[in-house]
Amino acid sequence: YSEDRVLHVDVTGNVSAMATADYHADACDTELLTPMPYTRVNIGSNIVYANVDGNFIIPNAGTTDVTVNSPLIGKYFTIDNLGGTTSSLSMTVTPPGPANFVHNQSGTEFTTSEVNVYIQANVARAAVVAANPAFPTIAGQLAFPAYVNINDDCNAYYDYSSINFFRAAGTCNNTGFDDVVHHEYGHHVVYVAGSGQGQYGEGF
């Protein structure tokens with residue numbers, strides 16, 4: 001007689017962040033708990049991506065405690081904080097958890113910019129693929145880079161390979177917030193469609 005006594009207990013959880021509400025700069029509004037869509041979560045080399053609501057299930061072999069990691073890396077976008085180390089969270093849980101992550105609990109400028117840019121880039125992309133699921137490049141593009149907290153002031157830009165946002169300086173707020181993120185990603189949408197930039201790119 002033989003019996004399989006190995007237990008497989010998957011780990012469940014959620015990834016969210018305290019992100020700036022509405023379409024305002026961080027200095028002009030409060031932070032609200034907001035889902036972090038499509039973020040990467042891993043137990044060692046076992047990697048999964050959360051769904052649009054930030055929920056995830058990681059297949060796990062065993063019942064002993066595991067360390068679950070939540071970096072600011074997503075299926076469609078990655079964040080690189082040029083003002084310091086890009087934030088990442090981890091926790092030890094007993095399967096099945098839950099392993100619930102909340103990024104940016106400190107609410108500092110640089111970490112707020114990280115989560116704002118990540119969330120709003122996904123919002124902008126979702127609008128494009130909702131209108132056209134086969135949109136050139138955008139539909140299948142993975143890990144598009146976004147650079148935040150650049151040591152400069154009063155601007156943001158698209159350079160044909162990434163979107164880029166400046167820290168607060170001079171008379172300007174940090175540009176890592178909703179409207180500016182949508183604008184810069186809009187330049188990428190125009191470019192990959194072959195529509196040109198100029199006034200059309202600015203207006204789009």
Side-chain angles (χ1 to χ4, degrees), residues 15-20 23 25-27 31 34-42 44-45 47-50 52 54 56 67-91 101-129 137-170 172-192 197 201:
V15 184
S16 60
M18 297 302 294
T20 306
Y23 294 93
D26 176 48
E31 279 71 55
T34 308
M36 293 278 282
Y38 312 120
T39 49
R40 192 179 88 181
V41 186
N42 70 284
S45 61
I47 296 171
V48 299
Y49 290 91
V52 67
F56 64 86
T67 299
V68 186
N69 303 296
S70 173
L72 267 183
I73 299 171
K75 184 175 183 179
Y76 302 114
F77 297 93
T78 61
I79 298 295
D80 192 343
N81 180 3
L82 299 187
T85 303
T86 305
S87 60
S88 180
L89 301 178
S90 65
M91 67 173 67
F101 295 95
V102 180
H103 287 264
N104 191 39
Q105 292 192 67
S106 63
T108 63
E109 176 198 340
F110 286 2
T111 56
T112 300
S113 178
E114 287 178 342
V115 300
N116 283 351
V117 170
Y118 181 84
I119 291 169
Q120 293 306 320
N122 275 281
V123 169
R125 178 192 177 276
V128 174
V129 296
T137 302
I138 303 296
Q141 189 168 49
L142 304 177
F144 187 69
Y147 297 93
V148 300
N149 303 314
I150 296 168
N151 189 17
D152 209 331
D153 66 285
C154 298
N155 210 346
Y157 62 91
Y158 167 65
D159 64 2
Y160 300 94
S161 61
S162 63
I163 49 177
N164 303 267
F165 306 91
F166 293 178
R167 66 183 64 182
C172 295
N173 290 316
N174 190 304
T175 57
F177 66 94
D178 301 37
D179 278 351
V180 183
V181 177
H182 293 195
H183 177 89
E184 300 307 337
Y185 191 69
H187 280 300
H188 182 53
V189 175
V190 168
Y191 172 67
V192 299
Q197 295 289 346

Q | Of N116, T34, D178, T112, the residue whose pairing with T20 passes side chain to side chain donor-acceptor pair (under 3.5 Å) | A |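 In the set N116, T34, D178, T112, the residue that makes a side chain to side chain donor-acceptor pair (under 3.5 Å) with T20 is N116.
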Return the minimal non-hydrogen interatomic distance between [X] and [Y], and the atom names on each side.
X    : Y    : value
N173 : A27  : OD1-CB, 3.4 Å
N164 : S162 : ND2-OG, 3.2 Å
S113 : G176 : OG-CA, 3.7 Å
R167 : G83  : NH2-CA, 3.6 Å

Q.
Please report whether the ring centroid of Y38 lies less than 6.0 Å from that of Y76.
A.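 Centroid separation for Y76 and Y38: below 6.0 Å.
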Backbone N or O of [Y] within a donor-acceptor pair of the [X] side chain at under 3.5 Å?
X    : Y    : result
R125 : A139 : yes
T175 : F166 : yes
E109 : A168 : yes
E184 : Y158 : yes
N42  : S45  : no

Q) Hey, mind stepping through T111 and H103 against side chain to side chain donor-acceptor pair (under 3.5 Å) and telling me if it holds? A) CA-CA 8 Å; T111 56; H103 287 264; over 6 Å; no
Q: Working to the nearest 0.5 Å, report the span between OH of Y118 and OG1 of T86.
A: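 One gets 13.5 Å once the value is rounded to the nearest 0.5 Å.
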Q) Rounded to the nearest 0.5 Å, how far does CD1 of I119 lie from OG of S16? A)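 Answer for the OG-CD1 pair, S16 versus I119, is 8.5 Å.
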Does a side-chain heavy-atom distance below 4.5 Å link [X] with [Y]?
X    : Y    : answer
F165 : I163 : yes
E114 : N104 : no
V148 : I79  : yes
V102 : M18  : yes
I47  : R40  : yes

Q: Step through the shown structure and confirm whether more than 12 heavy atoms of other residues, nucleotides or ligands are within 6.0 Å of OH on Y191.
A: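 No.
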Q) Do the rings of Y185 and F77 sit parallel, tilted or perpendicular, given the 30° and 60° boundaries? A)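 Geometry flag for F77 against Y185: perpendicular rings.
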Q) Taking the six-membered ring for Trp, are H187 and H183 parallel (under 30°), tilted (30 to 60°) or perpendicular (over 60°)? A)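 H187 vs H183 ring planes: perpendicular.
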Q: Begin with the C-alpha distance, continue with both residues' side-chain angles, and end with the deciding distance and a verdict on side chain to side chain donor-acceptor pair (under 3.5 Å) for T67 and N69.
A: CA-CA 7 Å; T67 299; N69 303 296; over 6 Å; no
(Q) Is it the case that the side chains of T78 and D80 hold a donor-acceptor pair, with the cut-off being a distance below 3.5 Å and no angle test? (A)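 Absent: no donor and acceptor within the cut-off.
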Q | Chi angles and distances behind the side chain to side chain contact (heavy atoms under 4.5 Å, CB included) call for E31, D26 | A | CA-CA 8 Å; E31 279 71 55; D26 176 48; 2.5 Å; yes
Under 3.5 Å, side-chain donor or acceptor atoms of residues 149-157 against the rest of the protein: list the pairs with distances, not counting sequence neighbours.
residue: N149; atom: OD1; partner: N174; partner atom: ND2; Å: 2.9
residue: N149; atom: ND2; partner: N81; partner atom: OD1; Å: 2.9
residue: N149; atom: ND2; partner: F110; partner atom: O; Å: 3.1

Q: Apply ring pair (Phe, Tyr, Trp, His ring centres under 6.0 Å) to H188 and Y160, showing your working.
A: CA-CA 7 Å; H188 182 53; Y160 300 94; 9.1 Å; no
Q.
Let's go through F56 and V15 carefully: what are the C-alpha distance in whole Å and the side-chain angles of both, what is the deciding distance for side chain to side chain contact (heavy atoms under 4.5 Å, CB included) to 0.1 Å, and is it a yes or a no?
A. CA-CA 8 Å; F56 64 86; V15 184; 4.0 Å; yes
